[in-house]
K.L.:
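This is the structure, below, for whatever I ask next.
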Amino acid sequence: MPKTTHIATRIAELRAQLDDANYRYHVLDDPAIPDADYDRMLRELDELEAAHPELITADSPTQRVGAVPTGSFAQVRHAIPMLSLGNAFSDEEVAVFVRKIEERLGRDALAFSVEPKLDGLAISLRYEDGRFVQGATRGDGATGEDVTANLRTIKAIPLQLRGKDWPRVLEVRGEVYMPLAAFKAYNERALVEGGKVLANPRNGAAGSLRQLDPRMTAQRPLAFYAYGIGLVEGVELPETHSQTLGRLRQWGFPVSGESDVVEGLQGLLDYYRAIGDKRDRLPFDIDGVVYKLDDYEGQAEMGFVSRAPRWAIAHKFPAQEQMTVVESIEVNVGRTGAVTPWVLMQPVQVGGVTVTRATLHNADQVARLDVRNGDTVIIRRAGDVIPEVVRVVVEKRPAGTRPWSMPSHCPVCGSELVREEGEAVWRCSGELTCAAQRKEAIGHFASRRAMDIEGLGERFIESLSDLGYVQSVADLYKLTLDDLLEMKRRADERDDTTPETVKSGKVATRWAENLLEAIDHSRNTTLERFLYALGIQHVGESTAKALATWFGDLELIRHLPWPLFKRVPDVGGEVARSIGHFLDQAGNQQVIDDLLARGVTITDTHPPTPKLRDGLNLATLLVDLEIPKVTRVRAEQLASAFPSVQALLDAPKHNFVSAGLPADTAQALADWLEDETQAGQLVAGGDALARLDAITPAAAEVAQGPLDGQTAVLTGTLSALSRDEAKAKLEALGAKVSGSVSKKTSFVVAGEAAGSKLDKAQELGVEIWDEEKLLSFLAGHEP
DNA sequence: GGCCCTCGAGTTCA
DNA sequence: CTCGAGGGCC
């Protein structure tokens, strides 16, 4: 056998194996050989072809790496025009589409071939005798650009048809797109290597195909789905579109796995919803779904209106990503003084709603995105709801912009903005002298989960605060009807958008009476709500509840030395200090006094939990005070040597040594006691111990509930009861209701439209209850 | 010291 | 809902 024949055989063999591997990887999504083997074979083929250039053919897998640039794209006239599709944005428009077909054909229960509409670039591929010869963009539908060399680099496009019964000429229509994962990976690498970052997968695909240098295209992670046929010669096509898709699969083209055949309007709409629900989880961007009348005979009968077929339509999703322009970058001051930058943008429709503002979270985020005034930005509704800025379209940036920077002072009160070491947020140092923080504090105080003052919304708080009627939350409880009417009148003068009718006496009076009634109603409250309402940093609902159950009494809490808060589970140094800091401020204590004096009553005062007294003694007190060098062991030595706090305070330093402490520890303790505030804490701690002895009951039987020790998580929407009701009922049975799923979760109650928490529960194998199960469980354990 | 679990805080629109 | 960070446990 002559040597070249032998080599030609080997080359053919390698090509066949590589083609097969490609097909399994890119079309069947079922890789058959490891990447390393693929690379090895490709290298071998490359070497053989380099040595024997006369054996290179255009359909060799080596040619996918990209040919030499040509300079420009030739025009290609499509044998059969590439159609555009009519669009439907609502169910009604789809209904009209279906009805017209039914009327014209005189049939109903029609079968439609349906598939997701990829957000990519439509192309046409021409095969002659089974070999890929030319590919073109859609262009204006009649004439496109010849991008054959670029298309060759896309591995999902067969260079040679598979199977046997090929048509002599075949034109395949489909979409070139960039898979999301590949898009992300490409951009991450581009960022590191300083390459060009792609704006989005669609632009990435379009730009890549129009690269003049195919070697560049070869670097881009493009993929392809076939969705139809243009010209075909030499083979009889099946009778329906769905069968044609099957034929395309056999010839080696990737066809969307989501494609299906459904019946009638309801079938179409169900499919639309199903794909819509899946949209976020699909590995590529789609902008809708396409419906095509399945049988070709019907298609022929329907015909075309101008360039669009009457037998097909694209049902579009509301866009999830949009471009808009930043009008300004503002900052907001929150309840805790946290300063958060946000952008005001030209209004734009995203995911079906009009968006004008989006948060930028913090200064780091602004720096990361480098958002500037006047920038064109791409925004997205994350997690289906909250708009976020995805990135800036730098090419569209106007000249002369400068990076945004955090102001040095609070825009509301002028206090300096400060940032804690290692923290991301800047805070206004003005505390309650800052009007913004005061308003937020009042809003928090009045909110549903706190004091629940109905009708006290943002606007009224704004007026009450700006016009000086309410400085602190306690002022709410001294408002009179006259105050409110006067305030309303003055507020309406400032803002003349209020309709005259609302300004009129009667309406205003009723509003004021209702608000006073709501304020009065809030006077009776629970310790838990009250503590939460104060708005202490790090004390949210759950910590407030824990404090309330452990201490039971506001007066006890108000005068407790802060280290004792660490007795409560889940309260550590940071949170305890924060509570202490709040209570140390005379202004805050004054507000509490005022609230109580103006009739706020805590209705559920009770003795501290016995568990509190159990774990508390002089030794634990000393440990909690965090005295340098005083460890648990040392604290216990001290506690056994001194009968009381007073004895410890009175003792000279050398007595610490005789109590068994090493000299340096004794010195550290003595030094610590030198500080009056610290010594005062010890005294207060001693007093608290004494008080607790007087009021703490003996350990009582804790009521047993059927769900004691279990952790439940609620997700989705329940129909028979609200989430809060469900939470309260589960807690009444002893369960702890938490907000996030982990492997410690006992069960998850999943209502309608449950989201990521349900997924996570399934992933972790956590028990899942539906609403029915919850209701029957609750019914079976009615007290 | 490093994980994993929670909690707190901030957020948008109709 | 998501992010960041506190708290507890190994």
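In what follows, chains carry the letters A, B, and so on, assigned in the order in which the sequence lines appear, proteins first and then strands, with residues in each chain numbered from 1.
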K.L.:
Report the distance from atom CD of A:Glu528 to atom C1' of B:dC7, rounded to the nearest whole Å.
P.N.:
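To the nearest whole Å, that distance equals 15 Å.
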K.L.:
Please state whether the phosphate of B:dC5, meaning OP1 or OP2, lies under 4.0 angstrom from any side-chain nitrogen or oxygen of A:Ser738.
P.N.:
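Checking A:Ser738 against B:dC5: no side-chain N or O falls below 4.0 Å of OP1 or OP2.
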K.L.:
Looking at the side chain of A:Arg335, which of B:dG10, B:dT11, C:dG6 is the nearest nucleotide?
P.N.:
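Of the options given, the side chain of A:Arg335 lies nearest B:dG10.
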K.L.:
Are any of A:Asn332's side-chain N or O atoms less than 4.0 Å away from OP1 or OP2 of B:dG10?
P.N.:
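False: A:Asn332 side-chain N/O out of range (4.0 Å or more) of B:dG10 OP1/OP2.
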K.L.:
Students often get this wrong, so: under 4.0 angstrom with heavy atoms, is A:Lys736 touching a base, only sugar-phosphate, or nothing?
P.N.:
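Sugar-phosphate only.
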K.L.:
Nearest whole Å is fine: how far is B:dC13 C1' from A:Leu344 CG?
P.N.:
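It is 15 Å, rounded to the nearest whole Å.
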K.L.:
To the side chain of A:Arg357, which of C:dG6, B:dC5, B:dT12 is closest?
P.N.:
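Nearest nucleotide to the side chain: B:dT12.
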K.L.:
Calculate the interatomic distance between A:Leu360 atom CG and B:dT11 atom P; express it in whole Å.
P.N.:
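Going from A:Leu360 (CG) to B:dT11 (P), I get 10 Å.
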K.L.:
Please report, rounded to the nearest Å, how far the C1' atom of B:dG8 is from the CZ atom of A:Arg577.
P.N.:
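Distance check: A:Arg577 CZ to B:dG8 C1' gives 18 Å.
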K.L.:
Which nucleotide sits closest to the side chain of A:Ser542: B:dT11, B:dC7, B:dG10?
P.N.:
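Given the options B:dT11, B:dC7, B:dG10, the side chain of A:Ser542 is closest to B:dC7.
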K.L.:
Is any side-chain heavy atom of A:Arg427 less than 4.5 Å from a side-chain heavy atom of A:Thr336?
P.N.:
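Side-chain contact under 4.5 Å: yes.
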K.L.:
Of the candidate nucleotides B:dG10, B:dC5, B:dC7, which contains the atom at the shortest distance from the side chain of A:Thr543?
P.N.:
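For the A:Thr543 side chain, the nearest candidate turns out to be B:dC7.
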K.L.:
Could you check which of C:dG7, B:dT12, C:dG6 has an atom nearest any side-chain atom of A:Asp570?
P.N.:
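So the side chain of A:Asp570 is nearest to C:dG7.
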K.L.:
Any idea how A:Phe747 and A:Trp769 line up, ring-wise: parallel (<30°), tilted (30 to 60°), or perpendicular (>60°)?
P.N.:
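The rings of A:Phe747 and A:Trp769 lie parallel, inter-plane angle below 30°.
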K.L.:
Give the rounded distance in Å between these two atoms: CD of A:Glu574 and P of C:dG4.
P.N.:
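Distance, rounded to whole Å: 18 Å.
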K.L.:
Which of these nucleotides, B:dG10, B:dC13, B:dC5, is closest to any side-chain atom of A:Ala338?
P.N.:
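Closest of the options to the side chain of A:Ala338: B:dG10.
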K.L.:
Can you figure out which of B:dA9, B:dT6, B:dG10 approaches the side chain of A:Lys744 most closely?
P.N.:
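Looking only at side-chain atoms, A:Lys744 lies closest to B:dT6.
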K.L.:
Using a 3.5 Å cut-off and no angle test, enumerate the donor-acceptor pairs between side-chain atoms of residues 557-568 of chain A and protein atoms at least two apart in sequence or in another chain.
P.N.:
from     : atom 1 : to       : atom 2 : distance (Å)
A:Arg558 : NE     : A:Gln589 : OE1    : 2.8
A:Arg558 : NH1    : A:Glu555 : OE2    : 3.3
A:Arg558 : NH1    : A:Asp593 : OD1    : 3.1
A:Arg558 : NH2    : A:Gln589 : O      : 3.4
A:Arg558 : NH2    : A:Gln589 : OE1    : 3.1
A:Arg558 : NH2    : A:Asp593 : OD1    : 2.8
A:His559 : ND1    : A:Glu555 : O      : 3.2
A:Lys566 : NZ     : A:Asp624 : O      : 3.0
A:Lys566 : NZ     : A:Glu626 : OE2    : 2.6
A:Arg567 : NE     : A:Asp624 : OD2    : 2.8
A:Arg567 : NH1    : A:Gly615 : O      : 2.9
A:Arg567 : NH2    : A:Asp624 : OD1    : 3.2
A:Arg567 : NH2    : A:Asp624 : OD2    : 3.0

K.L.:
Please list, chain by chain and in numerical order, all residues satisfying salt bridge (charged side-chain N to carboxylate O under 4.0 Å, His left out) with A:Glu416, sequence neighbours excluded.
P.N.:
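Counting only residues at least two positions away or on another chain, A:Glu416 forms no salt bridge (charged side-chain N to carboxylate O under 4.0 Å, His left out).
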K.L.:
Could you tell me the separation between the NE2 atom of A:His444 and the C1' atom of B:dA9, rounded to a whole number of Å?
P.N.:
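Result: 10 Å.
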K.L.:
Give the rounded distance in Å between these two atoms: CH2 of A:Trp342 and C1' of B:dA9.
P.N.:
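The answer, rounded to whole Å, is 18 Å.
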K.L.:
Within a strict 4.5 Å, meaning less than it, do heavy atoms of the A:Arg634 and A:Ile627 side chains meet?
P.N.:
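No; the side chains remain at least 4.5 Å from each other.
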K.L.:
Between B:dC7 atom C1' and A:Lys727 atom NZ, what is the distance in whole Å?
P.N.:
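Spelled out: NZ on A:Lys727 to C1' on B:dC7 is 11 Å.
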K.L.:
Between A:Thr336 and B:dG8, is there a contact of a side-chain N or O with OP1 or OP2 at under 4.0 Å?
P.N.:
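No, no such contact exists.
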K.L.:
Does B:dG8 have OP1 or OP2 under 4.0 Å away from a side-chain N or O of A:Ser578?
P.N.:
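No, A:Ser578 has no side-chain N/O under 4.0 Å of OP1/OP2 on B:dG8.
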